[in-house]
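In what follows, every chain begins at residue 1, and chains take the letters A, B, ... in the order their sequences are listed.
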Amino acid sequence: MKKTEVTDFQKKVYRFTKRIPMGRVTTYALLAGAIGCGSCRAVGQALKRNPFAPRVPCHRVISSDLTVGGFEGSSKGLSISRKKVLLRREGVYFRAGRLADSDRIYRF
DNA sequence: GAGTCATTCGTTG
DNA sequence: CAACGAATGACTC
């Protein structure tokens with residue numbers, strides 16, 4: 001078994017993700033840009049492997065198109081549904097699979 | 001070392 | 001307007 005080694009990149013991702021206040025969301029591209037990385041996929045990967053599962057609110061990270069994007073390794077299915085419900089409980093409402101208010105996006 | 005990924009952008013039909 | 005492919009950076013096996 002491998003040790004849960006968190007790379008510097010992941011550390012940044014989790015740090016920024018945890019920085020998101022309740023009732024607010026952010027996008028992969030925004031996170032990637034804030035970290036200093038040109039690819040948003042790397043951010044999603046870090047969240048998917050999320051070693052800090054309940055500690056890091058990965059459900060507060062959505063796609064830059066205001067879409068839910070993915071969750072728990074699936075861009076659709078029950079996982080995504082759960083993500084939407086989770087955000088809804090925090091005050092973030094979704095409409096047709098998209099964020100109802102783009103003003104809810106948290107800017108670093 | 002190769003494959004995979006929860007994305008994003010650009011071009012083509 | 002809609003769909004597909006290519007690009008990019010990092011992680012896991």
Side-chain angles (χ1 to χ4, degrees):
Chain A
M1 288 303 235
K2 260 161 73 144
K3 282 186 269 203
T4 10
E5 279 186 57
V6 185
T7 61
D8 188 61
F9 179 77
Q10 275 180 306
K11 263 195 204 174
K12 282 172 177 178
V13 176
Y14 303 137
R15 192 173 174 189
F16 276 90
T17 306
K18 279 178 1 183
R19 204 169 154 164
I20 302 168
M22 196 180 228
R24 214 133 283 203
V25 287
T26 197
T27 68
Y28 294 103
L30 199 70
L31 238 167
I35 292 165
C37 172
S39 59
C40 9
R41 263 188 187 170
V43 179
Q45 280 247 333
L47 291 170
K48 185 196 173 192
R49 299 286 171 187
N50 196 347
F52 294 88
R55 263 198 230 184
V56 178
C58 27
H59 60 265
R60 278 186 201 155
V61 186
I62 61 172
S63 178
S64 78
D65 194 54
L66 305 186
T67 39
V68 216
F71 189 58
E72 270 200 350
S74 286
S75 12
K76 66 181 185 55
L78 274 299
S79 308
I80 271 309
S81 197
R82 259 202 283 181
K83 183 170 174 174
K84 289 200 275 192
V85 174
L86 266 157
L87 288 168
R88 194 154 86 111
R89 282 182 86 194
E90 301 208 342
V92 183
Y93 286 84
F94 274 83
R95 191 85 162 160
R98 296 189 186 85
L99 188 65
D101 298 302
S102 50
D103 190 62
R104 292 272 165 78
I105 298 183
Y106 180 69
R107 280 162 109 207
F108 296 105

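In this structure, the CZ atom of Phe9(A) is 6 Å from the P atom of dC11(C), given to the nearest Å. What separates CG of Leu47(A) from C1' of dT12(C) is a distance of 16 Å, to the nearest Å. The nearest whole Å value for the distance from the CZ atom in Arg49(A) to the C1' atom in dC5(B) is 9 Å. As rounded to whole Å, 13 Å separates atom P of dA3(C) from atom CG of Asp65(A). To the nearest angstrom, C1' of dT12(C) lies 16 Å from CG of Asn50(A). Atom-to-atom, OH of Tyr14(A) to P of dA10(C) comes out at 14 Å; the value is rounded to the nearest Å.
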Got a list of side-chain donor-acceptor pairs under 3.5 Å for residues 45-59 of chain A, not counting sequence neighbours?
{"unit_1": "Asn50(A)", "atom_1": "OD1", "unit_2": "Phe52(A)", "atom_2": "N", "d": "2.8"}
{"unit_1": "Asn50(A)", "atom_1": "OD1", "unit_2": "Ala53(A)", "atom_2": "N", "d": "3.3"}
{"unit_1": "His59(A)", "atom_1": "NE2", "unit_2": "Glu90(A)", "atom_2": "OE2", "d": "3.4"}

Check: residues 16-39 of chain A side-chain donor-acceptor pairs under 3.5 Å, at least two apart:
{"unit_1": "Thr17(A)", "atom_1": "OG1", "unit_2": "Val13(A)", "atom_2": "O", "d": "2.6"}
{"unit_1": "Thr27(A)", "atom_1": "OG1", "unit_2": "Leu30(A)", "atom_2": "N", "d": "3.1"}

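Taken residue by residue, residues 26-39 of chain A places heavy atoms nearer than 4.0 Å to DNA chain C at Cys37(A), Gly38(A), Ser39(A). Non-hydrogen atoms lying under 4.0 Å from DNA chain C are contributed by nothing in residues 89-108 of chain A.
Each of Gln45(A) and Cys40(A) was assigned the nucleotide of DNA chain B with the nearest heavy atom; the assignment lying further toward the 5' end belongs to Gln45(A).
Once rounded to the nearest 0.5 Å, the distance linking OG of Ser74(A) with CZ of Arg82(A) reads 10.5 Å.
Pairing analysis of DNA chain B (Watson-Crick: purine N1 to pyrimidine N3 plus N6-O4 or O6-N4; G-U wobble: N1-O2 and O6-N3; both under 3.5 Å) yields stems of 3 or more pairs at B:1-5 with C:9-13, B:7-13 with C:1-7.
Between Lys84(A) and the options Leu99(A), Val92(A), Val68(A), a side-chain contact (heavy atoms from CB on, under 4.5 Å) holds for only Val68(A).
Considering all non-hydrogen atoms of both residues, Ser102(A) and Leu66(A) come closest at CB-CD1, 3.7 Å.
Hydrophobic clustering (side-chain heavy atoms under 4.5 Å, transitive across Ile, Leu, Val, Met, Phe, Trp, Tyr) groups Phe9(A) together with Val6(A).
Applying the ring pair (Phe, Tyr, Trp, His ring centres under 6.0 Å) test to Tyr106(A) and every residue at least two apart in sequence or in another chain returns Phe108(A).
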